[in-house]
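The structure appears below as structure tokens.
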Amino acid sequence: MEVFIKKIKRTIACVMTVVMFLVNSSAVFAAQNGTAGNNVRIISMEEAEQAAITHIKNVMSTNEESLWNKGVKIDVRRAIFDDKNMLECYYFGVKDKDNNDCGYVITGANTSMYPIIEFAEEGESFLDVSIEHVVEKVNDMEQADLNSKNCKLYYMGDMNYAVECKVNNRDSKIYDITTSDVVEMEEVCQEDEETQDYSDMWEIYLDMETRGSNPPDNDKEFITNPNNYESGYEDSKYYMVDGGFIYYNVMTDFSSGGVCAPTAATNLCKYWYLRDPSKYGDLFLNCSWNDVFWEMYNNMETYARGTKDANVGDGYRLFFYDRGLSCSAYLCYGTNNGIHIAEELDNNRPCHLIVHGHQMYKEHSVVAVGYSQFTYSNGYYSTYIRIADGWTNYPSRYVWGHCQGNWNYVVVIPD
């Protein structure tokens with residue numbers, strides 16, 4: 001069963017690689033069926049880690065249910081070799097914000113291999129589990145005192161792995177760890193695979209072609225993956241507030257017309273209620289989000305044409321006060337191309353974002369729950385705000401800080 005699961009993961013990795021590749025209009029697809037010959041380039045661990053990070057961000061932006069959306073980091077780095085003791089792959093263990101195991105990414109170590117060989121988005125890596133099992137087994141049999149640092153990983157092709165444990169200076173034990181059935185081997189047996197050239201795919205992951213910042217700003221395309229539009233940057237950051245990935249309501253759940261502001265307010269209250277029901281349980285008015293919406297509708301003096309920006313903060317304060325709670329809520333004008341929104345989100349709380357003259361959303365209110373930010377060597381920041389937009393139930397879309405129009409926002413701080 002485990003072998004089957006790992007093969008499915010590789011299929012997913014390949015598909016996502018192709019997707020990322022095709023969205024880049026400046027790339028030219030390499031002939032993958034030809035041999036790489038002397039053009040094979042060794043990938044450093046630093047480059048491989050960059051490719052792994054690019055892949056993680058791509059998963060975050062395209063898979064709404066991924067645990068990686070809660071924020072993760074690479075915590076473990078290991079080299080994997082072939083039967084000739086040549087560098088073959090890299091393994092990167094992933095941890096969440098609480099330092100729990102949250103999957104892994106295995107990359108190639110040269111341009112004749114896929115950038116992403118396989119990955120998992122949750123739990124402890126099968127490699128880590130297998131290595132621990134092998135170490136225990138060798139220690140029991142040999143009365144040794146080995147640990148995982150004494151082990152060497154091998155890649156045998158087609159997502160098959162082996163581990164070698166040095167018992168002493170002369171003897172070692174080798175085990176096939178491809179499945180949960182750890183089997184001893186006499187030697188590492190490498191499968192022969194046709195050499196191919198995936199250098200163009202590596203260019204996508206490593207941003208070798210500097211394309212700069214080129215996000216869409218039109219009424220035809222939603223932004224769901226900021227990484228598709230940025231390259232050549234010095235640094236990048238991804239952030240999402242704790243518990244920000246939840247099921248949000250859409251405007252048509254409540255009413256029609258210009259009701260985006262009370263819908264956003266309802267969703268922001270829903271966020272705080274779910275984050276801490278014991279403290280904010282009274283925000284769930286009569287156990288009905290519909291009742292919350294109409295209360296906000298009245299408090300914000302929403303009419304057929306919408307809600308005035310100046311009324312939004314009052315609506316929050318009145319609603320919290322009527323529930324026996326309190327909050328600070330104040331309107332801020334301008335966002336410095338989204339940077340101020342990112343700074344507010346860094347306080348680990350969402351905010352009420354109001355866009356004016358936006359190409360896609362026109363005049364609209366949303367809940368800002370996270371961001372992706374790219375920093376360039378010239379000091380330029382390209383900031384994307386992840387939103388619950390009132391059109392979809394999950395926060396899978398972004399707005400770009402440099403887009404047409406202007407933004408205001410309301411900071412809401414529950415006491």
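- The backbone N or O of Gly157 lies less than 3.5 Å from a partner atom in the side chain of Asn160, making a donor-acceptor pair.
- Enclosure of atom NZ in Lys308 is not indicated, since only 12 or fewer non-hydrogen atoms of other residues, nucleotides or ligands lie within 6.0 angstrom.
- Side-chain N or O atoms of Trp289 include none that pairs as donor or acceptor with a backbone N or O of Phe254 at under 3.5 Å.
- In this structure, Arg323 forms a cation-pi arrangement with Phe319, its terminal cationic atom sitting closer than 6.0 Å to the ring centre and no more than 45° off the ring axis.
- Between Ser382 and Tyr233 there is no side-chain heavy-atom pair separated by less than 4.5 Å.
- Here the side chain of Tyr90 pairs a donor or acceptor atom with the backbone of Ile43 at under 3.5 angstrom.
- Between Leu283 and Leu325, some side-chain heavy-atom pair lies under the 4.5 Å cut-off.
- Atom CG in Asp158 sits 11.0 Å away from atom CD1 in Ile117 (nearest 0.5 Å).
- Side-chain rings of Tyr380 and His402 approach one another, their centers coming within less than 6.0 Å.
- By the neighbour-count criterion of 12 heavy atoms within 6.0 Å, atom CD of Glu221 is densely surrounded, having more than that number from other residues, nucleotides or ligands.
- Interatomic distance, SG of Cys327 versus OH of Tyr280, reported as 9.5 Å (0.5 Å rounding).
- Defined by atom type and a distance below 3.5 Å, a donor-acceptor pair is present between the side-chain atoms of Thr307 and Thr302.
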Practice problem: Under the side-chain contact (heavy atoms from CB on, under 4.5 Å) rule, what do Ile341 and Thr383 come out as? Steps first, then yes or no, please. | Solution: CA-CA 9 Å; Ile341 298 290; Thr383 304; over 6 Å; no

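- For the pair Cys89 and Met113, the minimum side-chain heavy-atom distance is below 4.5 Å.
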Practice problem: Please assess Asp253 against Asn290 for the test side-chain contact (heavy atoms from CB on, under 4.5 Å), listing each intermediate value before the final yes or no. | Solution: CA-CA 8 Å; Asp253 289 342; Asn290 191 65; over 6 Å; no

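- With sequence neighbours excluded, no residue forms a side-chain hydrogen bond (donor to acceptor under 3.5 Å, both in side chains) with Asp282.
- Once rounded to the nearest 0.5 Å, the distance linking OH of Tyr205 with OH of Tyr114 reads 10.5 Å.
- Here the closest heavy-atom approach between residue Phe320 and residue Cys269 is recorded as CE1-SG, 4.2 Å.
- Using a distance-only test at 3.5 Å, with no hydrogens or angles considered, no donor-acceptor pair links the side chain of Tyr297 to the main chain of Glu301.
- Between the side chain of Trp400 and the backbone N or O of Gly338, no donor-acceptor pair lies under 3.5 Å.
- Using modelled atom types, one side-chain atom of Asn110 and one backbone atom of Ser112 make a donor-acceptor pair closer than 3.5 Å.
- Asp314 has its side chain within reach of Arg317: a pair of non-hydrogen atoms, C-beta onward, lies under 4.5 Å apart.
- A pairwise comparison of heavy atoms in Leu345 and Cys351 identifies CD2-N, 4.4 Å as the closest pair.
- Closest non-hydrogen pair, Arg77 versus Phe92, comes out as CG-CD2, 3.7 Å.
- In this structure, Tyr247 has its ring center closer than 6.0 angstrom to the ring center of Tyr394.
- The backbone N or O of Ser199 sits less than 3.5 Å from a side-chain atom of Asp197, completing a donor-acceptor pair.
- A distance of 4.5 Å separates CD of Glu164 from CD1 of Ile174, quoted to the nearest 0.5 Å.
- Judged by distance alone, the side chain of Asn267 and the main-chain N or O of Tyr248 form no donor-acceptor pair under 3.5 Å.
- Remark: side-chain polar atoms of Asp82 are paired, donor with acceptor, to backbone N or O of Met86 under 3.5 angstrom.
- Residues Glu88 and Tyr154 bring no donor and acceptor atom of their side chains to less than 3.5 Å of each other.
- Summarising the geometry, atom OH belonging to Tyr91 is positioned 10.5 Å from atom CD belonging to Glu118; distances are rounded to the nearest 0.5 Å.
- At least one donor-acceptor pair under 3.5 Å links the side chain of Asn298 to the backbone N or O of Trp294.
- Listed by first then second residue, pairs satisfying side-chain hydrogen bond (donor to acceptor under 3.5 Å, both in side chains) with a partner in residues 270-279 read Asn249-Lys270, Tyr271-Arg275, Asp276-Ser278, not counting sequence neighbours.
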Quiz prompt | Working for side-chain contact (heavy atoms from CB on, under 4.5 Å), residues Met296 and Leu318 | solution = CA-CA 9 Å; Met296 286 293 190; Leu318 283 170; over 6 Å; no

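- Counting heavy atoms from C-beta on, the side chains of Tyr229 and Tyr398 never come closer than 4.5 Å.
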Quiz item: Please walk me through it: do Ile413 and Asn347 pass side-chain contact (heavy atoms from CB on, under 4.5 Å)?
Solution: CA-CA 10 Å; Ile413 309 174; Asn347 294 313; over 6 Å; no

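- Across Glu344, Glu343, Lys237, a single residue satisfies side chain to side chain donor-acceptor pair (under 3.5 Å) together with Tyr371, and that is Lys237.
- Annotation for Tyr381: atom OH does not count as buried by contact number, only 12 or fewer foreign heavy atoms lying within 6.0 Å.
- The salt bridge (Lys or Arg N to Asp or Glu O under 4.0 Å) search around Asp101 returns Lys95, not counting sequence neighbours.
- Aromatic ring pairs are classed by plane angle as parallel below 30°, tilted from 30° to 60° and perpendicular above 60°; the pair Trp391 and Phe222 is perpendicular.
- One distance of note links CZ of Arg78 with OG of Ser125; it measures 9.5 Å at 0.5 Å rounding.
- Side-chain atoms of Asn408 and Leu331, non-hydrogen and from C-beta on, do get closer than 4.5 Å to each other.
- Judged as a side chain to side chain contact (heavy atoms under 4.5 Å, CB included), and not counting sequence neighbours, the contacts of Cys332 are Tyr330, Tyr409, Val411.
- In this structure, the side chains of Ile53 and Ile74 come closer than 4.5 Å at one or more pairs of heavy atoms.
- By the 4.5 Å heavy-atom criterion applied to side chains, Thr107 and Pro115 are not counted as neighbours.
- Checked against ring pair (Phe, Tyr, Trp, His ring centres under 6.0 Å), His352 has the following partners two or more places apart in sequence or in another chain: Tyr316.
- By the side-chain hydrogen bond (donor to acceptor under 3.5 Å, both in side chains) test, Asp415 is found to be paired with Ser326, residues two or more places apart in sequence or in another chain being considered.
- Closest approach of Thr263 and Met251 over heavy atoms only: OG1-CG, 3.5 Å.
- Cys403 and His358 make their closest contact through SG-CD2, 3.4 Å (heavy atoms, listed as atom of the first residue, atom of the second, distance).
- Heavy atoms only, all atoms of each residue included: Ser213 and Tyr384 are closest at OG-OH, 4.5 Å.
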